[in-house]
There are 2 protein chains.
Amino acid sequence: MPGVTLHDVAAAAGVHPSTASRALDPAKEDLVSEATRRRIVAAAARLGYRPHLGARGLKRGRTATVGVVAADLGNPFVTPLLHGIAAALEAVRSLPFIAETQDDHARFERILDHMLSRRVDAIITTAARTADREMLEDAARHTPVVIAARALPGSPLPQALHDDLSGAELAAAHLVELGHVRVAQLRGPLDVANFAQRAEGFSARCTRAGVVEVPVAGTADRPVGAEGRRLMHRLLASDDGLPTAVFPHNDLMALGALAALEEAGLRCPEDVSVIGYNDTEILARTAPPLTSVSYPSREVGEAAGRMAIASTDGSGPVESVSLPPTLVVRASTTPPGSGPRPGW
Amino acid sequence: MPGVTLHDVAAAAGVHPSTASRALDPAKEDLVSEATRRRIVAAAARLGYRPHLGARGLKRGRTATVGVVAADLGNPFVTPLLHGIAAALEAVRSLPFIAETQDDHARFERILDHMLSRRVDAIITTAARTADREMLEDAARHTPVVIAARALPGSPLPQALHDDLSGAELAAAHLVELGHVRVAQLRGPLDVANFAQRAEGFSARCTRAGVVEVPVAGTADRPVGAEGRRLMHRLLASDDGLPTAVFPHNDLMALGALAALEEAGLRCPEDVSVIGYNDTEILARTAPPLTSVSYPSREVGEAAGRMAIASTDGSGPVESVSLPPTLVVRASTTPPGSGPRPGW
DNA sequence: CTGTTAGCGCGTTCAA
DNA sequence: TTGAACGCGCTAACAG
């Protein structure tokens, strides 16, 4: 049963392999007489024939596979992104080949290498850091590369993004509106453009409103809970005085910050408001429910998938896109010094 | 730059392609003189040569790729599982090829078909439902198949599992110990063996302790939050009287149950205790923090990865394994009618 | 130590 | 409408 080849099918149907090939190719089945076609299809089914995609790719130069690189599959933010990509690829019967860098450059390099060797039809990366730029543009000389979610500023590669600058401004504006005058950011790794932009957008809006930003030394190594917790503890330990609101650069970090607050005996939002980023669905039931900037990750994923397909078609250059953020207000942000938001 | 072949490298180095092949194969490089080897390696680097894995697979009959099937990448429970698998595969420089069924049989079939066509070296599935059994055993006639996380009872396929029966007994025992005498289960889909076993283990332990199980009509279509919420609402609406504790069959469903309780104006744990399953790391900060049966998913993943490797080696039959559960007590369970657990 | 030959499974010529 | 021949890129087996 294993290793049934086209040759076997042809023999069973009493035809030449190339006739069998034609009969089994939807695009060419009308070059074969109905009668023989049926015989061949029957034989293929009976023998359990399965085309060898490796061999087909060798011949056709296409593998019906798109490499997808994520930084951290444990971040619930990436799931909708992957769903969006898979949905878009389904239109051309391609399958994503998913791999995870864990934000490690060397691992990223190995993954790219493997994908190129595997001759994927295109690569979508949601894991880019600035240090990866050259490597990615290099890869793009072999295979179309689409940048998704994590921007690569100044790169000519097509990008499916989200406007992090506006998103962070939205976050800051919300805090300003609530009356906060002392705030702080817990920065994600700044060599990920998104976090650099969030830092910039947030600061810009604060400055404009005359709001004081309490400095927090350092940034997260990775945008994960443990790092958010670490930075929050550092902020609590500093003697610059506590802010009344903090902006961890994503929901995972916000979760860590909440843990740190609790460990320090502080309450959110009574003592400190917390505003996250991504509006990760699975985290909407934290204690307290997190105010967060919503990231349209499914849509970004779909756009990236479509762009990957388009760049494979060779139908000219592919346009980058950038989708807007929205703000989702929940219980973790209130005016400074006030009690919990009514209704929660 | 694209499409540099071994032939090109050989030409550039002034040798025969097979010599170049040997020089570039770590396992055979000592069959080539140091001098020519260096020349070949240099030429390969200069030209940006990358082996064509499709072609190599065609020749060698191995693709250095293992298909990994998950039911739902949005379930945080699967991430450690995937990490475990990837870690194990790294030992033989294989890469996982990840796909998602979304608990849809037809999609599962397409995925298996694609993976077999791709000639992956083995398949690890964490998405099995009883209806998938025949299909999987069929696939196993072509390629080694390892069942992970979701059991396929009675199947001869090698399985890397967890003892769900004991786990559910642990959950029930905990509730019994707290003094609950009226409890209920929110059942996951029973065609997933794990949930069937959880149902059975929980009931058995309750019966033995003389605890009453309030019936909940129906089961979840999929083990996700929305379904947990739906079942909890159904339980609240029934006139069998409320239990003092509920056991949703996994953490995601527990999250939905918590939402339903809140919507009904009930508090957890004061009015109803909730105990989940999986001890999903990312959910440890729910309101209230969830008591849960811990599932060693990373370890199960590693075991599955090793089993996949072993079954590819052809070194005899592969032993199934089953890892034990442990209980992690947090704030969502207290004695019936009592206030919140002190310390939380 | 290196070159030659052959073929993995398939699809695309070109002829019949 | 079908068959024959060739080659995609690589490597195993066999010579030399």
Side-chain angles (χ1 to χ4, degrees), chain A residues 1-41 43-44 47-64 114 116-121 142-143, chain B residues 1-41 43-44 47-65 116-121 142-143:
Chain A
M1 196 65 70
V4 180
T5 76
L6 193 56
H7 185 85
D8 302 328
V9 175
V15 296
H16 191 273
S18 51
T19 305
S21 170
R22 286 186 279 254
L24 263 20
D25 181 346
K28 306 204 166 168
E29 57 182 12
D30 17 285
L31 295 182
V32 178
S33 80
E34 183 59 16
T36 57
R37 195 185 70 77
R38 294 173 89 94
R39 222 159 5 104
I40 292 166
V41 169
L47 297 180
Y49 169 70
R50 236 175 268 278
H52 189 305
L53 256 33
R56 174 178 289 176
L58 193 53
K59 192 66 194 172
R60 289 224 247 239
R62 285 207 179 197
T63 54
H114 188 102
L116 290 175
S117 291
R118 177 132 286 151
R119 298 299 194 271
V120 296
D121 297 332
H142 297 83
T143 284
Chain B
M1 198 64 71
V4 179
T5 77
L6 193 57
H7 186 84
D8 302 330
V9 175
V15 295
H16 190 273
S18 47
T19 305
S21 171
R22 286 185 280 253
L24 263 20
D25 181 346
K28 304 199 168 172
E29 55 181 15
D30 18 283
L31 295 182
V32 178
S33 80
E34 182 58 17
T36 57
R37 197 185 68 76
R38 294 173 90 94
R39 222 159 6 103
I40 292 167
V41 169
L47 297 180
Y49 170 70
R50 233 174 271 278
H52 189 305
L53 257 33
R56 174 179 292 173
L58 190 55
K59 189 67 192 172
R60 291 223 246 235
R62 287 208 176 195
T63 54
T65 308
L116 290 175
S117 290
R118 177 133 286 150
R119 300 297 194 272
V120 295
D121 298 331
H142 297 84
T143 282

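Letters go in sequence order (proteins before strands), and every chain restarts at 1.
With hydrogens and angles ignored, no donor-acceptor pair under 3.5 angstrom links the side chain of B:Arg119 to the base of C:dG9. Looking at A:Lys59, its side chain has no donor and acceptor atom pair within 3.5 Å of the base of C:dG9. Residue-to-nucleotide contacts include a donor-acceptor pair under 3.5 Å from the side chain of A:Arg22 to the base of D:dG3. For A:Thr19 and D:dT1, a side-chain-to-base donor-acceptor distance below 3.5 Å is absent, hydrogens and geometry of angles not being considered.
Between B:His7 atom NE2 and C:dT4 atom C1' the separation is 14 Å, expressed in whole Å. Per the geometry, CG belonging to B:Asp25 stands 13 Å off P belonging to D:dC10, to the nearest Å.
At the phosphate of C:dC10, neither OP1 nor OP2 sits under 4.0 Å from any side-chain N or O atom of A:Arg56. Distances shorter than 4.0 Å separate none of the side-chain N or O atoms of A:Ser18 from OP1 or OP2 on D:dT2. Contact between the side-chain N/O atoms of A:Ser33 and the OP1/OP2 oxygens of D:dT2 is found at a separation under 4.0 Å. Between B:Ser21 and the phosphate of D:dA12, there is no side-chain N or O to OP1/OP2 separation shorter than 4.0 Å.
Across all strands shown, A:Leu31 has heavy atoms under 4.0 Å from base atoms, whether or not it also approaches the sugar-phosphate. Among the heavy atoms of the strands lying under 4.0 Å from B:His16 is at least one base atom, whether or not backbone atoms are also near. Nucleic acid contact for B:Pro51: sugar-phosphate only, since backbone atoms but no base atoms lie under 4.0 Å from a heavy atom of the residue.
Under the 3.5 Å distance criterion, the side-chain polar atoms of B:Ser18 are left unmatched by any main-chain donor or acceptor of B:Ser21. Side-chain atoms of B:Asp25 do not come within 3.5 Å of backbone N or O of B:Arg22 as any donor-acceptor pair. Panel note: side chain A:Arg118, backbone B:Thr63; a donor-acceptor pair is recorded below 3.5 Å.
At a threshold of 4.5 Å between non-hydrogen side-chain atoms, the residues A:Leu24 and A:Leu6 count as touching.
Remark on DNA chain C: of its neighbouring residues B:Val32 and B:Ala55, the 5'-side contact belongs to B:Val32, judged by nearest-heavy-atom nucleotide.
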